[in-house]
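Structure first, then comments.
Note that the coordinates shown come from a computational prediction; the quantities given were computed from them, not determined experimentally. Positions are given from 1, in the same order as the sequence printed here. Quick note: numbers below take in every heavy atom, side chains included, and nothing from hydrogens, waters or symmetry partners.
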Amino acid sequence: MLRDRNDELLAETWAKAALLSELRLAAADRQTARDGMVVFCTDRVLCHLVSVDWALYAPASGAADTRLLVRALRAQHQIITGHIHDLRAASTADQVNAAAHAVATALAACQEVERRVLLPALAELPGVDLVSLVEDLETLLDGGSLEPPDELDVRGIPHGQRHPRIFGSFARLAKGESFVLVNNHDPKPLRREFEATYPGQFAWEYVESGPIEWRIRIGRFPVAAHDGQVDA
C-alpha cells in the first residue's frame with residue numbers, strides 16, 4: 001500500500017536524522033552516519049520524489065482543479081532537494097543535524113498534503129483511475145518502468161477527461177521518447193498547458209492538421225523536430 005511505503009520511508013528518514021543528533025557519537029561515526037544519510041536521500045528519497053511526480057503529479061497537472069496543488073507540491077520537492085544539497089555540503093555537526101531534520105520535516109509535510117488533499121482530489125477527477133495510478137507508482141518504486149503509448153487517441157474520451165490522460169502519458173516518456181496524440185480539433189489550450197507546466201521540456205510537432213483529424217507528436221526533449229514545431 002502507498003501509505004505503508006510512505007510511512008516506511010519517513011520513519012527511516014527520521015531515524016537517520018535522529019542518529020546524526022546523537023551527542024555520544026564519535027567524530028568518525030558521525031561522518032559515517034552523515035555519509036549514509038546522504039546516500040539514503042540520493043538513492044531513496046529523491047527516487048521516491050521522482051516516482052511520485054511521474055505517477056501522481058503528472059496526471060493531476062493536466063486538470064484545472066489540481067494544477068495549482070501540483071505546482072505547490074513540486075515546489076515542496078524542490079525544497080526537499082535543496083535540503084539534501086545542504087546536507088551534502090554541510091561541514092559542521094550543527095549544519096548536518098539541521099539539514100537532516102529539515103529533509104525529514106519537509107518530506108513529512110509533503111506526504112501529509114498528498115494523503116489529505118492530492119489523493120482525494122485525484123479520486124474525484126473525471127477519467128482518472130486512482131488504483132491504476134497507485135499501481136504505476138508501485139511499479140516505479142520497485143525499480144520498474146512504465147511503457148508510454150505509441151499513439152493516444154482521445155476522440156472517444158469526454159473533453160473533461162482528456163488532459164489528465166494526456167499528461168499521464170507524457171510523464172511516462174523518457175528523454176527522446178514521444179507519442180502521437182490523435183484529436184478531433186486543434187488542441188491549442190493543451191499546448192498552452194504544456195508550456196505552463198513543462199516549459200522548455202517538450203516538443204510539439206503537427207503530423208496532420210485537420211480538418212477532420214489532428215495528429216500531434218508530443219515528445220520529451222531531446223527529440224528530432226521538423227518545421228520549427230519544437231518549443232524551447
Going through the distances and angles, do E151 and R215 end up as a side-chain contact (heavy atoms from CB on, under 4.5 Å)?
CA-CA 9 Å; E151 181 176 287; R215 301 173 67 86; 2.5 Å; yes
Nearest heavy-atom pair of [X] and [Y]: which atoms, and what distance?
X: A33; Y: L19; result: CB-CD2, 3.9 Å
X: A93; Y: R30; result: CB-CD, 4.0 Å
X: A196; Y: P199; result: O-CD, 3.9 Å
X: P59; Y: L133; result: CG-CD2, 3.9 Å
X: L10; Y: A104; result: CD1-O, 3.7 Å
X: S145; Y: T139; result: O-CG2, 3.9 Å

Check for me, please, whether [X] and [Y] land in the same ILVMFWY cluster - side-chain distances under 4.5 Å, paths through other members count.
X: M37; Y: W14; value: no
X: F179; Y: Y206; value: yes
X: I218; Y: V182; value: no
X: L73; Y: I80; value: no
X: L107; Y: L46; value: yes

Could you state the interatomic distance from [atom1] ([X]) to [atom2] ([Y]), rounded to the nearest 0.5 Å?
X: R74; Y: T81; atom1: CZ; atom2: OG1; result: 13.0 Å
X: H83; Y: R88; atom1: NE2; atom2: CZ; result: 14.0 Å
X: E12; Y: C41; atom1: CD; atom2: SG; result: 10.0 Å
X: L9; Y: R44; atom1: CG; atom2: CZ; result: 5.5 Å
X: L141; Y: L2; atom1: CG; atom2: CG; result: 8.0 Å
X: L119; Y: R3; atom1: CG; atom2: CZ; result: 10.5 Å

Can you find a pair of side-chain heavy atoms, one from [X] and one from [Y], that are under 4.5 Å apart?
X: L181; Y: L190; result: yes
X: P187; Y: I216; result: yes
X: I157; Y: R165; result: yes
X: L173; Y: F221; result: no
X: Q111; Y: H48; result: yes
X: V45; Y: T13; result: yes
X: V70; Y: D53; result: no
X: Q201; Y: F194; result: no

Do the side-chain N and O atoms of [X] and [Y] include a donor-acceptor pair separated by under 3.5 angstrom?
X: S178; Y: R217; answer: yes
X: Y57; Y: E114; answer: yes
X: R162; Y: N183; answer: yes
X: S61; Y: R71; answer: no

Are the aromatic rings of H159 and H185 close, with centres under 6.0 Å apart?
yes
Test: R5 and E8 ion pair at under 4.0 Å
no
Salt-bridge present (K175, E177; N to O < 4.0 Å):
no
Over 12 non-hydrogen atoms of neighbours within 6.0 angstrom of CG in D150:
no
Parallel, tilted or perpendicular: which describes the rings of Y198 and F170, with under 30° parallel and over 60° perpendicular?
tilted
The test is side-chain contact (heavy atoms from CB on, under 4.5 Å); show your working for R220 and F202 and say whether it passes.
CA-CA 5 Å; R220 188 183 292 273; F202 74 99; over 6 Å; no
Excluding sequence neighbours, so at least two apart, what forms side-chain contact (heavy atoms from CB on, under 4.5 Å) with A55?
D136, L137, L140
Could you work out, with side-chain contact (heavy atoms from CB on, under 4.5 Å) as the rule, every residue matching A90, not counting sequence neighbours?
R34, Q95, V96
List the steps, then state whether side-chain contact (heavy atoms from CB on, under 4.5 Å) holds for D153 with V180.
CA-CA 8 Å; D153 188 342; V180 173; over 6 Å; no
Report the C-alpha distance between D65 and E124 in whole Å, list the side-chain angles of each, state the deciding distance to 0.1 Å, and finish with yes or no for side-chain contact (heavy atoms from CB on, under 4.5 Å).
CA-CA 10 Å; D65 290 345; E124 295 181 3; over 6 Å; no
